[in-house]
Amino acid sequence: MVTIIYSLLLWTFLLCSVNCEYKPCQLREYPDGFVCVCNEDYCDTMDVKKPQKFGDFLTISSTKSGKRFEVNKGRFKPKPIEPNVRRVRRFSDLFRTKRNTKTTTVESLSLTINLNKTYQKMVGFGGAFTGTVSYLFDSMPESLRHTLYRNYYAPDEGIGYTMMRLPIGGCDFDQSPWAYNEYPIDDRQLSNFTQLDPRDVRRNEQINVIKKVANIDYIKLIGAAWSPPKWMKTNNAWSGYNALKEEFYQTWADYHVRYLDLMADANMTFWGLSTGNEPLNGEIGWFFVHFMSLGWMPGNQGKWIAENLGPSLLEKSKFRDLKLFAGDDQRYTWPWWFEHLNKSTFDGKSAMDFVSGLAVHWYWDRLISPTLLDHTHEKFPDKILLNTESCIGDKPFEKHGPILGSWPRAERYALGMIQDFQHYVAGWIDWNLLLNEHGGPTYTIYNTVDSAVILNTTTKNEFYKQPIFYVLAHFSKFIPSDSVRIEAELSGFRAFNIKTVAFLCPDNSVTVILYNHSDKLRIVDFTDDLRGSYEFRLEPRSITTFVYA
Ligand SMILES: *[C@@H]1O[C@H](CO)[C@@H](O)[C@H](O)[C@H]1NC(C)=O
Ligand SMILES: *[C@@H]1O[C@H](CO)[C@@H](O)[C@H](O)[C@H]1NC(C)=O
Ligand SMILES: *[C@@H]1O[C@H](CO)[C@@H](O)[C@H](O)[C@H]1NC(C)=O
Ligand SMILES: *[C@@H]1O[C@H](CO)[C@@H](O)[C@H](O)[C@H]1NC(C)=O
Ligand SMILES: *[C@@H]1O[C@H](CO)[C@@H](O)[C@H](O)[C@H]1NC(C)=O
Ligand SMILES: *[C@@H]1O[C@H](CO)[C@@H](O)[C@H](O)[C@H]1NC(C)=O
């Protein structure tokens with residue numbers, strides 16, 4: 001028996017020392033594209049070793065046609081010459097007569113990286129652990145659940161998430177709307193908010209297991225409240241046109257501090273806190289947003305931050321190092337929201353003096369110019385810009401739920417993330433870590449959406465990793481916290497079809513992400529003065545991560 005075990009171990013060791021750094025995707029085709037299937041017996045992993053030796057590189061690609069995180073390793077060489085390839089770099093090259101019919105025409109581009117031109121320092125990547133996510137995790141067999149935990153949070157096997165957004169009380173993805181101290185009403189002392197709700201206790205246990213199975217000791221937690229108990233609000237309801245009653249401004253600040261205190265007692269120390277999820281939902285969005293909200297205009301919110309939340313949290317509590325994130329709403333609120341917060345002053349301090357970061361949601365990004373992010377950065381250069389929510393399927397004209405295998409949805413993430421990072425955003429938190437095949441379950445109606453991972457709730461013994469999951473991985477896996485964005489430029493024929501963004505990592509390796517938006521094969525030349533050159537192909541509709549030491 002012992003011999004058998006030893007020989008098995010030996011075999012595993014031998015196989016792995018040759019080539020089992022990572023397990024490939026188990027691909028399944030649905031009408032709209034490919035997903036990777038994971039069950040209790042098998043799940044693909046991403047334990048790809050970063051190149052260590054100066055001049056080594058790897059490229060990783062995922063494509064519409066079904067490649068998922070495919071790894072190639074190499075070393076820079078003196079520039080290769082391909083005699084039978086005619087390079088088209090300018091428009092006029094296209095019309096030169098072709099004499100040699102064996103020559104293939106390729107559209108070629110060159111990539112230039114400038115380490116000396118640096119931008120924002122990255123804080124990390126993560127997902128939201130909503131009530132729905134917690135509920136779905138608990139419906140899965142334990143080993144499958146642990147596999148999914150590692151898929152997201154394990155630095156080796158997973159995609160290396162380091163952040164997590166937690167709703168304080170209920171949000172729009174939960175089994176019912178809820179808040180702490182719903183009773184007794186009008187209770188300024190929050191006398192019934194003395195312990196964590198069983199739902200938070202359970203989620204904390206799950207988070208502890210995530211840390212254990214992913215073998216990490218710290219996750220950057222960022223909290224956000226959707227709504228206070230109804231009695232604090234002008235309309236005494238969870239949603240609709242509403243605001244905080246002024247008599248409860250201090251109570252709502254105390255509520256946040258109480259929550260952080262109780263969470264700290266449970267060893268859940270927060271890195272960041274939002275001033276409140278999507279404040280305009282209770283002001284202008286209430287007509288079509290039917291989930292929990294608290295309406296604010298920046299004038300009122302600024303007063304609340306400057307007079308109540310800011311001092312209670314960052315001057316009087318033990319959470320003085322916490323990073324307060326303002327905004328937490330769509331790009332179109334930038335920068336005017338913060339300019340207004342900046343005008344609310346109390347005791348010599350403005351609301352913005354308490355704020356470390358500015359949080360943005362991506363939902364209307366295709367209509368709103370990213371220059372708003374630049375303007376905001378110029379006005380508030382010392383604030384961290386962070387995307388705190390993204391998902392697809394929220395719009396009236398979109399399918400309100402998952403489209404299994406949809407590459408166009410993944411492409412929207414790729415383009416959205418590259419655009420944000422090109423405009424000072426320093427991290428990305430996706431919405432629900434997991435949803436069911438209908439994009440729920442949740443108490444709200446018409447509010448089911450897509451997610452990076454979908455659970456089969458018929459059998460509960462398999463989950464599907466959507467193309468979105470891999471696009472997120474192309475960024476999160478090789479852009480560790482504290483990486484710095486550097487200048488990356490593509491020049492050549494139709495360079496606009498390729499989007500790119502690059503980072504210098506703390507270990508001095510460089511990570512470049514390229515998204516090929518076109519339907520044609522393209523070649524990219526890359527030459528580094530010290531390392532040599534490399535020429536790589538970007539397949540149609542593909543995302544590539546290029547990492548070099
Ligand atoms: C980058 O900066 C270093 C040190 O300041 C300098 O030696 C080098 O020439 C610069 N490189 C480029 C490409 O500007
Ligand atoms: C305290 O909250 C719990 C849970 O919501 C509720 O059942 C209980 O009635 C509340 N206590 C008081 C005194 O209102
Ligand atoms: C918190 O951590 C301490 C020290 O590791 C431990 O003694 C305590 O039991 C933990 N508390 C909870 C609620 O997990
Ligand atoms: C913020 O307020 C301070 C103090 O009033 C002012 O000096 C600064 O220009 C304001 N910044 C912006 C971007 O409005
Ligand atoms: C879930 O599993 C069941 C049983 O294997 C299968 O019939 C069903 O098609 C699966 N659902 C999806 C979305 O693949
Ligand atoms: C982008 O994809 C197209 C096909 O969609 C391909 O022809 C082209 O070569 C790719 N671009 C690069 C830079 O490789």
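All ligand and atom numbering here is 1-based and tracks the order in the structure.
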Worksheet item: Should the proximity of L404 to ligand 5, defined as any heavy atom under 4.0 Å, be assigned to the side chain, the backbone, both, or neither?
Response: side chain
Practice prompt. May I ask you to list the atoms of ligand 4 that are less than 4.0 angstrom from any heavy atom of F380?
Written response: 13 (C)
Fill in: Within reach of ligand 4, part of F338 (heavy-atom separation under 4.0 Å)
neither
Worksheet item: With respect to atom 13 (C) of ligand 2, which of S191, A179, P184 exhibits the smallest heavy-atom separation?
Response: P184
Discussion item. Below 30° counts as parallel, above 60° as perpendicular, anything between as tilted: where do the rings of Y424 and H377 land?
Written reply: parallel
Item to complete: Tell me which protein heavy atom sits closest to atom 2 (O) of ligand 5, plus the residue, atom name and distance to 0.1 Å.
Response: N456 ND2, 2.3 Å
Discussion item. Over 60° means perpendicular and under 30° means parallel, so tell me whether W296 and W304 are parallel, tilted or perpendicular.
Written reply: parallel
Worksheet entry | Centroid-centroid under 6.0 Å between Y259 and F270 rings | yes
Practice prompt. Write out the residue and atom name of the closest protein heavy atom to atom 8 (C) of ligand 4, then the distance separating them to 0.1 Å.
Written response: N342 ND2, 3.7 Å
Fill in: Contact atoms of ligand 4, heavy-atom distance to K379 under 4.0 Å
13 (C)
Worksheet, complete the sentence: Quick note on ligand 5: atoms under 4.0 Å from a heavy atom of Y30 include exactly 12 (C), 14 (O)
Worksheet item: Do the side chains of I210 and M164 get nearer than 4.5 Å, heavy atoms only?
Response: yes
Item to complete: Start with the C-alpha distance between D187 and F193, add both sets of side-chain angles, then the distance that settles side chain to side chain contact (heavy atoms under 4.5 Å, CB included), and finish with yes or no.
Response: CA-CA 10 Å; D187 173 20; F193 189 0; over 6 Å; no
Worksheet item: Is the cationic atom of R412 (NZ for Lys, CZ for Arg) positioned less than 6.0 Å from the six-membered ring centroid of W407 and within 45 degrees of its normal?
Response: no
Worksheet entry | Nitrogen or oxygen atoms of Y464 and ligand 5 under 3.5 Å apart | yes
Worksheet entry | Protein contact of atom 4 (C) of ligand 2 - nearest heavy atom, named by residue and atom, plus distance | N192 ND2, 4.6 Å
Worksheet item: What orientation do F125 and F421 show, parallel under 30°, tilted 30 to 60°, or perpendicular over 60°?
Response: perpendicular
Practice prompt. Number the atoms of ligand 5 from 1 as they appear, then name those within less than 4.0 Å of a heavy atom of T459, with their elements.
Written response: 2 (O), 3 (C), 4 (C), 5 (O)
Practice prompt. With the side chain counted from C-beta on, respond yes when R188 and Q250 share a heavy-atom pair under 4.5 Å apart, and no when they do not.
Written response: no
Discussion item. Yes or no: does T457 have any heavy atom under 4.0 Å from an atom of ligand 5?
Written reply: no
